[in-house]
Amino acid sequence: TPEGVGTTNTGAYDLYLKALEAKRPGSFEALAEAEALLKSALALDPEFFESLYELAEVYIAQIGTGMRPTEDADVALVLARKALELRPESVNAQVLNIRIQVIGAFAANDFEKISALNSAASSALEAPNLPSQARYHLSGYLQANSQPDAALELLAGAIELDPLNPALYNRRGAFLS
């Protein structure tokens with residue numbers, strides 16, 4: 001496996017790469033296939049950071065499409081927290097944890113928790129060298145908090161970092177419509 005990847009298990013890494021490819025279209029079938037592949041990768045290496053992170057992402061995408069109930073945010077949060085334990089310095093994992101907690105807090109109408117999470121998200125926005133994926137998630141936070149110009153600016157930075165990522169353009173189009 002390449003240096004810096006969170007596993008030495010080549011089988012887990014292969015399944016992870018297949019999951020990324022499967023996930024790309026974002027359809028119900030694609031997300032279900034990515035979920036199965038990521039679970040298989042984690043069966044081979046339960047401490048594989050990237051697979052934990054991506055499986056949490058898949059669950060959140062499935063919640064967003066209605067494939068999973070909002071209550072499944074708790075399952076995604078367990079995965080995201082485990083990923084964050086493995087790499088506490090990962091801004092992507094930090095932001096994903098905030099995002100999942102916001103989903104759960106909204107579902108529970110826990111406005112006190114939402115307020116606290118807004119503070120955490122605001123702090124995350126100030127992280128140096130904010131990665132593309134974190135920018136994507138935080139743009140949704142800004143949009144939901146009636147800051148469309150800041151959301152679009154954050155997305156523009158994400159697109160500059162990752163110009164071949166269709167999800168970034170999709171989100172920008174949704175914000176502009």
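Since the model is a prediction, treat every value here as computed from it, not as a measurement.
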Are [X] and [Y] close enough for a salt bridge, meaning some N to O gap below 4.0 Å?
{"X": "Arg24", "Y": "Glu21", "answer": "yes"}
{"X": "Glu50", "Y": "Arg87", "answer": "yes"}
{"X": "Lys39", "Y": "Glu35", "answer": "yes"}

For the pair [X] (side chain) and [Y] (backbone), establish whether a donor and an acceptor sit closer than 3.5 Å, ignoring hydrogens and angles.
{"X": "Ser40", "Y": "Ala36", "value": "yes"}
{"X": "Ser51", "Y": "Phe48", "value": "no"}
{"X": "Arg171", "Y": "Tyr136", "value": "yes"}
{"X": "Ser115", "Y": "Glu112", "value": "no"}
{"X": "Asn92", "Y": "Ala134", "value": "yes"}
{"X": "Tyr16", "Y": "Leu42", "value": "no"}
{"X": "Lys23", "Y": "Lys18", "value": "no"}
{"X": "Arg81", "Y": "Asn97", "value": "no"}

Which heavy atom in [X] sits nearest to a heavy atom in [Y], and how many Å separate them?
{"X": "Phe28", "Y": "Thr65", "answer": "CE1-CB, 3.4 Å"}
{"X": "Ser139", "Y": "Ala151", "answer": "O-CB, 3.4 Å"}
{"X": "Ala22", "Y": "Ala34", "answer": "CB-N, 4.1 Å"}
{"X": "Ala12", "Y": "Asp45", "answer": "CB-CB, 4.2 Å"}
{"X": "Ala41", "Y": "Leu15", "answer": "N-CD1, 3.7 Å"}
{"X": "Ala107", "Y": "Thr70", "answer": "CB-CG2, 3.4 Å"}

Do [X] and [Y] make a side-chain contact, defined as non-hydrogen atoms from C-beta onward lying under 4.5 Å apart?
{"X": "Asp149", "Y": "Glu153", "result": "no"}
{"X": "Pro46", "Y": "Lys82", "result": "yes"}
{"X": "Leu152", "Y": "Leu176", "result": "yes"}
{"X": "Ser90", "Y": "Tyr53", "result": "no"}
{"X": "Gln94", "Y": "Leu84", "result": "yes"}
{"X": "Leu38", "Y": "Leu52", "result": "no"}

Can you get from [X] to [Y] by hopping between Ile, Leu, Val, Met, Phe, Trp and Tyr side chains that sit under 4.5 Å apart?
{"X": "Tyr169", "Y": "Leu164", "value": "no"}
{"X": "Phe175", "Y": "Leu142", "value": "no"}
{"X": "Tyr59", "Y": "Leu20", "value": "yes"}
{"X": "Val5", "Y": "Leu17", "value": "yes"}
{"X": "Leu77", "Y": "Leu96", "value": "yes"}

At what distance, to the nearest 0.5 angstrom, does [atom1] of [X] lie from [atom2] of [Y]?
{"X": "Glu57", "Y": "Leu31", "atom1": "CD", "atom2": "CG", "result": "11.0 Å"}
{"X": "Glu29", "Y": "Glu33", "atom1": "CD", "atom2": "CD", "result": "10.0 Å"}
{"X": "Ser132", "Y": "Leu161", "atom1": "OG", "atom2": "CG", "result": "6.0 Å"}
{"X": "Leu130", "Y": "Leu138", "atom1": "CG", "atom2": "CG", "result": "6.0 Å"}
{"X": "Leu44", "Y": "Thr10", "atom1": "CG", "atom2": "OG1", "result": "9.0 Å"}
{"X": "Leu125", "Y": "Arg135", "atom1": "CG", "atom2": "CZ", "result": "9.5 Å"}

Are there over 12 heavy-atom neighbours, none belonging to Gln147, within less than 6.0 Å of that residue's CD?
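Atom CD in Gln147 is crowded, with more than 12 foreign heavy atoms closer than 6.0 Å.
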Phe106 atom CZ: more than 12 heavy-atom contacts under 6.0 Å
no
Given the options Leu79, Val75, Ile60, Leu55 meets side-chain contact (heavy atoms from CB on, under 4.5 Å) only with Leu79
Could you tell me whether the side chains of Ser122 and Tyr141 share a donor-acceptor contact shorter than 3.5 Å?
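Yes, Tyr141 and Ser122 have a side-chain donor paired with an acceptor closer than 3.5 Å.
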